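Start at 1 and go down the list; that is how both ligands and their atoms are numbered. None of the values given here were measured: they were computed from a predicted structure.
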Amino acid sequence: MRRGIYPGSFDPITLGHLDIIKRAADLVDELVIAVLNNSSKVPMFSVEERIAMIKDATKDIKGIEVEPFDGLLVDFASRKNAKLIIRGLRGVNDFEYEMQMAQTNRNMCSGVDTIFLVTNINYSYISSTLVKEIIKYDGAFQKLVPEEILKYIK
Ligand code: PNS
């Protein structure tokens, strides 16, 4: 059985994330969406809220598990017996950071590989950071996130 990990902060999940999740779920038998629970990063939504939003937005996709993680991603991957990390690439701005993470992860754990899925062009401008800013200033964020999570955002 091939298990992949799709890690991130998902604060909150966006349509860009959802697109990657749907495509990644087709590549593996089981996709674990690993939600960062890191006390040094103060999120807008608690890890419980972020997990509930992702579960709701992905309820119709087969083979999805949603779990919190802290500590190193490679340790979580090895606990889950997964050798594949999946990340989305929106453009050149993401590239340097993503390369650095993929190389560091592979250096720490030679059994783990990262594959990148190129974001759908319709969503390549969306980021959780911008969505949070729009929510904060009461702007129109509704077209940037899955419909299922609107009820979690007040
Ligand atoms: O959605 P994000 O915030 O870009 O996701 C970043 C994430 C969670 C994938 C990354 O910060 C991570 O893996 N953190 C766990 C700690 C870790 O393993 N750090 C070393 C990575 S090289």
Please report which non-hydrogen protein atom sits nearest to [atom], along with the residue it belongs to and the distance in Å to one decimal place.
| atom | value |
| --- | --- |
| atom 21 (C) of ligand 1 | N105 OD1, 3.7 Å |
| atom 14 (N) of ligand 1 | L36 CD1, 3.9 Å |
| atom 19 (N) of ligand 1 | L72 CD2, 3.9 Å |
| atom 16 (C) of ligand 1 | G71 O, 3.3 Å |
| atom 3 (O) of ligand 1 | S9 OG, 2.6 Å |
| atom 12 (C) of ligand 1 | F69 CZ, 4.4 Å |
| atom 10 (C) of ligand 1 | M101 SD, 3.8 Å |

Below 4.0 Å from ligand 1: does a non-hydrogen atom of [X] turn up there or not?
| X | value |
| --- | --- |
| Y97 | yes |
| S128 | no |
| R87 | yes |

Practice item. Answer yes or no: does atom NZ of K80 have more than 12 heavy-atom neighbours from other residues, nucleotides or ligands under 6.0 Å? Key: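 Yes.
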Exercise for review: Between T104 and ligand 1, find which residue part has any heavy-atom pair under 4.0 Å and reply side chain, backbone, both or neither.
Suggested key: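 Just the side chain.
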Point to revise | Test log, rule salt bridge (charged side-chain N to carboxylate O under 4.0 Å, His left out), inputs R106 and D113 | key: CA-CA 6 Å; R106 182 142 176 94; D113 255 313; 3.6 Å; yes
Review point. In Å, rounded to the nearest 0.5 Å, how long is the span from OG1 of T114 to CE of M99?
Key: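 T114 atom OG1 to M99 atom CE measures 11.0 Å (nearest 0.5 Å).
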Review point. Testing F10, Y6, F76 for ring pair (Phe, Tyr, Trp, His ring centres under 6.0 Å) with F69, which one passes?
Key: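 With F69 as partner, F10, Y6, F76 yield a single ring pair (Phe, Tyr, Trp, His ring centres under 6.0 Å), made by F76.
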Check your understanding: Which atoms of ligand 1 have any heavy atom of L73 under 4.0 Å away?
Key ->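 Checking each atom against L73, I get 13 (O), 17 (C), 18 (O).
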Check your understanding: Under a 4.5 Å cut-off applied to non-hydrogen side-chain atoms, are P7 and R87 in contact?
Key ->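 Counting from C-beta outward, P7 and R87 do come under 4.5 Å.
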Review point. Is a side-chain donor or acceptor of S128 paired with a backbone partner of P12 at a separation under 3.5 angstrom?
Key: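 A pair under 3.5 Å: yes.
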Practice item. Please determine which of V145, I153, I13 meets the side-chain contact (heavy atoms from CB on, under 4.5 Å) test together with V131. Key: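 The option that passes is V145.
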**Study point:** Among L144, N120, I126, N122, side-chain contact (heavy atoms from CB on, under 4.5 Å) partner for L15
**Key:**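 Exactly one candidate clears the test, I126.
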